[in-house]
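Every chain is numbered from 1, with letters handed out A, B, ... down the list of sequences. Just so it is clear, the values below take in all heavy atoms, side chains as well, and ignore hydrogens, waters and symmetry mates.
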There are 2 protein chains.
Amino acid sequence: MISQILSPVHTSSRDDAVLQALVGFVTDEGLVPGDRLPTERVLAERLKVSRTTVREALTRWQELGLVERRQGSGTYLKAAVTRNMLHMPLTLASGNDFNSLMHTLEIRRGLEAEAAALSAARVSDADIAMIEQKLIRMEEAFHERHGMSADEDWDFHLAVFRTSGNPLFEQIIAAMYEMFHRFWEHPLGVRDFGHASFPYHRTLFNAIAARDPIAARAEALKLIATVEDDLKRGAANLKKQTQKNRVHI
Amino acid sequence: MISQILSPVHTSSRDDAVLQALVGFVTDEGLVPGDRLPTERVLAERLKVSRTTVREALTRWQELGLVERRQGSGTYLKAAVTRNMLHMPLTLASGNDFNSLMHTLEIRRGLEAEAAALSAARVSDADIAMIEQKLIRMEEAFHERHGMSADEDWDFHLAVFRTSGNPLFEQIIAAMYEMFHRFWEHPLGVRDFGHASFPYHRTLFNAIAARDPIAARAEALKLIATVEDDLKRGAANLKKQTQKNRVHI
DNA sequence: TTTCTAAATTGGTTGGACCATTGTGCCAAT
DNA sequence: ATTGGCACAATGGTCCAACCAATTTAGAAA
């Protein structure tokens, strides 16, 4: 079961070395998410370090969501593990207040504009057809439901990111998007949130289809600006309500 | 020194409870980034848990970048800690090839431009003085060593990000920066990497000090452009060397 | 006052023990 | 033969008591 791959660690920062050895083990053994890792006690023995050190290393992986521990059962791989992984822990103060949501939008403004410009510079004809298909589905959903549909909207944006040729955009913006939407059924009480952004989806597509990076960046910025306006409107509403209810405090 | 705020934990998942108690301690005590936390041994005694459990909890905070441990010295707060923090650790697969480094620069281009613009719109007079101090130290290091000094350079950029009013910039760009520097002693064999970016640090500062967001964005873009040029130059060098050495393969 | 050195402090690691939860397989009852 | 329950083994979680290694501090020496 345990091959000879696990060799004693030697260098500094024991638990770093343990993680490095674990990466080697996981990749060489071809483990995939869901598979079980060796026991803590086994790892400790194989790596010639104490169980405490192994536990510290696994705790770090657990915090990064790479691994899940179940008492009495074992430790299970939760995500793909490769060498040269880059860890980027994002911490936001209290995800649902106005400032935090605004912060995610500021990140999106910088990244979506850049992604749109890169996409316009790099799309293939097939990419353009694919993006237009997503756009049409979004527009259909909009007219059926008389409002923005989060899923179709996200599919469209995702298509743009993926044609940017840089996978980092998708992963980072996806995290921002999730933070933003985790708390938005009706974020800050604003109904038909994102309604104003609708027309800019087509203008953005047109700029990309025309392979015009400058125009694409401009349209992406306009789109984000409408979302920011919605958010500010929501914050104003919230403030008004708070003032109205102040007597209860 | 240690007030009565730390009370014994009781409920399930000990280290979760420890972290919760620590949040209370940090907020009640008004600790800010840079401040030192109580000793592990003290925390263990106050919280009525073993030092092992305290260490496991601190390890998790460390992995999230909230805390930094220095052997022989202590554990220091590295970021603002509040109740209701939202953590979203991202792990990205990355390589040390030309494309991966270029990808990090594309992210930095979008974010550094945005951060510079926001900083120019929001800096206080004290912030400006602080940034200028970092700039001067960087320039001194440059002239002493006849080349860019990574640490002082990073300090300057960090100061800009922190005055943007959005902590996410620092968190994301720090990850990009780490990935970029993980492989760059002399990245791709290019000596005096970043040399060309030197003058744009002062022009960027001037734009921020003038509170001119548009100019700040432009200068930040110029700065990144020089780094991209260096990287492309390095890739060309590498290709040439590979061709020259092809006979050995 | 400055500089060097020894001791105290603090995080890092170890080994061993025990607890709590889960999984497994045997055995008995049906 | 099937099912249900139970005892036991395996595994992660916690604790303790040391000792190691890096750092800081305080005091001695110059």
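- The residues Glu63(A) and Arg60(A) are annotated as not salt-bridged, no charged nitrogen and carboxylate oxygen being separated by less than 4.0 angstrom.
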Open item on the list: Could you go through Arg70(B) and Glu68(B), starting from their C-alpha distance and side-chain angles, then the distance that decides it, and tell me whether this counts as salt bridge (Lys or Arg N to Asp or Glu O under 4.0 Å)?
Closed with: CA-CA 7 Å; Arg70(B) 289 206 285 272; Glu68(B) 179 184 352; 3.5 Å; yes

Open item on the list: Using side chain to side chain contact (heavy atoms under 4.5 Å, CB included), reason through His201(B) and His157(B) one step at a time and then give a plain yes or no.
Closed with: CA-CA 9 Å; His201(B) 287 75; His157(B) 287 284; 3.2 Å; yes

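- Rounded to an integer number of Å, the gap from Leu37(A) CG to dT11(D) P is 13 Å.
- The interatomic distance linking Glu40(B) (CD) with dG11(C) (C1') rounds to 5 Å, in whole Å.
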- [ ] Let me see the working for His87(B) and Thr91(A) under side-chain hydrogen bond (donor to acceptor under 3.5 Å, both in side chains), right down to the final yes or no.
- [x] CA-CA 5 Å; His87(B) 304 295; Thr91(A) 298; 3.2 Å; yes

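- Computed from coordinates, the Glu68(B) CD to dG11(C) P distance equals 13 Å when rounded to whole Å.
- For the pair Thr59(A) and Asp15(A), the minimum side-chain heavy-atom distance is 4.5 Å or more.
- Between Arg14(B) atom CZ and dT14(D) atom C1' there is a gap of 7 Å when expressed in whole angstrom units.
- Note: NZ (Lys48(A)) to P (dT13(C)) measures 18 Å, nearest angstrom.
- Atom pair Glu45(B):CD and dA17(D):P shows a separation of 13 Å (rounding to whole Å applied).
- In this model, the phosphate group of dG11(C) is approached by a side-chain N or O of Thr75(B) to a distance below 4.0 Å at OP1 or OP2.
- Checking dC15(D), dT11(D), dT13(C) against every side-chain atom of Val49(B), the shortest atom distance belongs to dC15(D).
- Listed nucleotides: dT13(C), dG13(D), dG12(C). Nearest to the side chain of Arg69(A): dG13(D).
- Look at Thr39(A) and you'll find a side-chain N or O under 4.0 angstrom from OP1 or OP2 of dT11(D).
- The nearest whole Å value for the distance from the CG atom in Asp15(B) to the P atom in dC15(D) is 10 Å.
- Separating the CZ atom of Arg55(B) from the C1' atom of dT10(C) is a distance of 10 Å, rounded to the nearest angstrom.
- Sequence order on DNA chain C of the closest nucleotides to Thr53(A) and Tyr76(A) puts Thr53(A) first from the 5' end.
- Asp155(B) places no side-chain N or O within donor-acceptor distance of the main-chain N or O of Glu152(B), the cut-off being under 3.5 Å.
- Shown here are the side-chain contact (heavy atoms from CB on, under 4.5 Å) partners of Arg51(B), two or more places apart in sequence or in another chain: Glu40(B), Arg41(B), Ala44(B), Arg55(B).
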Tabulate atom names and distances for all N/O pairs under 3.5 angstrom spanning the protein and nucleotides 19-22 of chain D.
| residue | atom | partner | partner atom | Å |
| --- | --- | --- | --- | --- |
| dA21(D) | N3 | Gln71(B) | OE1 | 2.8 |

